[in-house]
2 protein chains.
Amino acid sequence: MVTKLPLDVAAAGEACCAPLVTETITAEQAEVLAARIKALADPARLRLVSLLAASPGGEACQCDLTEPLGLSQPTVSHHLKVLYQAGLVAKEKRSTWVYYSVVPEALATIADVLTPGR
Amino acid sequence: MVTKLPLDVAAAGEACCAPLVTETITAEQAEVLAARIKALADPARLRLVSLLAASPGGEACQCDLTEPLGLSQPTVSHHLKVLYQAGLVAKEKRSTWVYYSVVPEALATIADVLTPGR
DNA sequence: TGTCAATATGGACATAGATCGATATATGCT
DNA sequence: AGCATATATCGATCTATGTCCATATTGACA
């Protein structure tokens, strides 16, 4: 079964390529883009992304993230879900553990919108 | 009189250069960085940035932004204030009008955090 | 099968934030 | 001075969200 992603990743891609700073974006594009950026605009989630990227192999299971974050397990689970649904992190279940990893392209997509011609 | 900026721009700069994806950021860095990204993570504010950047001369007064946004004047004023306090836009008062313009470096700062080595 | 560990979900709560109408402030013009 | 326009602020309201505890679910293993 494929987990449904409430945030349309393809649409986000389009919003990406409609350059924010060279021509006016539509209300719909702004909506999609804001949703993706909003997923990143939280201290806990930024730290999660940072922790994941700095982890050996670029991945970590949730159990390794809870303690360094200083948040409860349900809260960490919630934040990872937000990141996942925004397409910013990937997850892979191996037996009992779920390994999360960042999706660099997703971060680059956001970066590209902000920096025209780079 | 100098308007106070609740968001420490210098600190945001530091948070910038602490590469998000190559080493772990601190809780404080995450806090500052999230505040800046959060200022951008809103459909209305993304459209404002887009409208400003696409305006002739790269600037526009609030009166020209209210109508295309479809929001009330106080709401637009609020969003511009958020963007200004985050350092994402600059403002300059000329007689009755206040002209706003994007600060490309501020956008680039966010982009740089997301894309290591580019 | 029963237990334990990892993760997810549901419900509750508190705070933050987006929005508006009404009003205040500031500036130019007659 | 008085009025009109542009912008800012205030107060209220409704919604979104971050957080936790309690509990459900899943998979490994004795």
Side-chain angles (χ1 to χ4, degrees), chain A residues 1 3-7 27 30-31 34-49 52 55 59-86 88-101, chain B residues 1 3-7 27 30-31 33-49 51-52 55 59-86 88-101:
Chain A
M1 165 228 174
T3 308
K4 238 194 280 183
L5 297 177
L7 205 163
E31 201 79 43
R36 185 167 256 205
I37 297 180
K38 199 170 292 187
L40 201 60
D42 178 90
R45 293 197 285 271
L46 281 174
R47 293 184 70 199
L48 279 173
V49 169
L52 286 176
S55 295
E59 63 174 17
C61 71
Q62 194 187 116
C63 56
D64 291 329
L65 300 168
T66 303
E67 194 247 313
L69 230 61
L71 295 173
S72 71
Q73 178 269 322
T75 300
V76 174
S77 180
H78 162 70
H79 284 305
L80 286 171
K81 185 178 183 179
V82 171
L83 287 170
Y84 173 71
Q85 290 183 329
L88 296 174
V89 304
K91 66 175 173 181
E92 184 191 345
K93 184 160 194 172
R94 293 195 217 120
S95 81
T96 307
W97 300 276
V98 179
Y99 288 87
Y100 286 88
S101 57
Chain B
M1 164 224 177
T3 307
K4 238 194 281 183
L5 297 177
L7 205 164
E31 201 79 42
L33 185 54
R36 185 168 256 206
I37 297 179
K38 198 170 292 188
L40 203 60
D42 178 90
R45 293 197 285 270
L46 282 174
R47 293 184 69 198
L48 279 173
V49 169
L51 282 168
L52 286 176
S55 295
E59 65 175 16
C61 71
Q62 196 187 113
C63 57
D64 291 329
L65 299 168
T66 304
E67 193 249 311
L69 231 62
L71 295 173
S72 71
Q73 178 269 323
T75 301
V76 174
S77 180
H78 162 70
H79 284 306
L80 286 171
K81 184 179 184 178
V82 172
L83 288 171
Y84 174 71
Q85 291 183 329
L88 296 173
V89 305
K91 68 174 171 181
E92 183 191 344
K93 183 160 194 170
R94 293 195 218 123
S95 82
T96 308
W97 300 276
V98 179
Y99 288 87
Y100 286 89
S101 57

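Values below: every heavy atom of this structure, side chains too, minus hydrogens, waters and symmetry copies. Owing to the predicted nature of the structure, the values given are computational and were not obtained by experimental measurement.
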Please report the shortest heavy-atom distance between [X] and [Y], naming the atom on each side.
{"X": "B/A41", "Y": "A/I37", "value": "CB-CG2, 3.7 Å"}
{"X": "A/L88", "Y": "A/A39", "value": "CD1-CB, 3.9 Å"}
{"X": "A/A30", "Y": "B/P43", "value": "CB-O, 3.6 Å"}
{"X": "B/C61", "Y": "B/Y99", "value": "N-CD2, 3.7 Å"}

Could you tell me how far apart [X] ([atom1]) and [N] ([atom2]) are, to the nearest whole angstrom?
{"X": "A/I37", "N": "D/dT17", "atom1": "CD1", "atom2": "C1'", "result": "18 Å"}
{"X": "B/K38", "N": "D/dT17", "atom1": "NZ", "atom2": "P", "result": "11 Å"}
{"X": "A/W97", "N": "D/dT25", "atom1": "CH2", "atom2": "C1'", "result": "17 Å"}
{"X": "A/Q62", "N": "D/dT25", "atom1": "CD", "atom2": "P", "result": "18 Å"}
{"X": "A/L71", "N": "D/dC21", "atom1": "CG", "atom2": "C1'", "result": "15 Å"}

Pull out every residue in residues 73-81 of chain A that has a heavy atom closer than 4.0 Å to any atom of DNA chain C, ordered by number, or say none.
-> A/Q73, A/P74, A/S77, A/K81
State whether B/Y84 and B/K91 meet the cation-pi test: NZ (Lys) or CZ (Arg) under 6.0 Å from the six-membered ring centroid, and within 45° of the perpendicular axis.
->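 Yes.
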NA contact type, B/R45, heavy-atom cut-off 4.0 Å: base, sugar-phosphate, or nothing?
->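 Since only primed, P, OP1 and OP2 atoms lie under 4.0 Å of B/R45, the category is sugar-phosphate.
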NA contact type, A/Y99, heavy-atom cut-off 4.0 Å: base, sugar-phosphate, or nothing?
-> nothing
Is it true that B/E59 and B/R94 make a salt bridge, defined as a side-chain N closer than 4.0 Å to a carboxylate O?
-> yes
Anything under 4.0 Å to a heavy atom of chain B counts; send over the first and last such nucleotide of DNA chain C, read 5' to 3'.
->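 First-to-last contact on DNA chain C, by the 4.0 Å heavy-atom rule, is C/dG17 to C/dG28.
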For residues 64-71 of chain B, run the donor-acceptor check on the side chains, cut-off 3.5 Å, and write out each pair with its distance to 0.1 Å, sequence neighbours left out.
residue : atom : partner : partner atom : Å
B/T66   : OG1  : B/Q62   : O            : 3.1

For the pair B/R45 (side chain) and B/V82 (backbone), establish whether a donor and an acceptor sit closer than 3.5 Å, ignoring hydrogens and angles.
->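 No; zero donor-acceptor contacts below 3.5 Å.
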N/O donor-acceptor pair under 3.5 Å between B/S55 side chain and B/L51 backbone =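 Answer holds: yes.
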Which sits closer to the 5' end of DNA chain D, A/S72 or A/K93, going by the nucleotide each is nearest to?
->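 On the 5' side of the pair lies A/S72.
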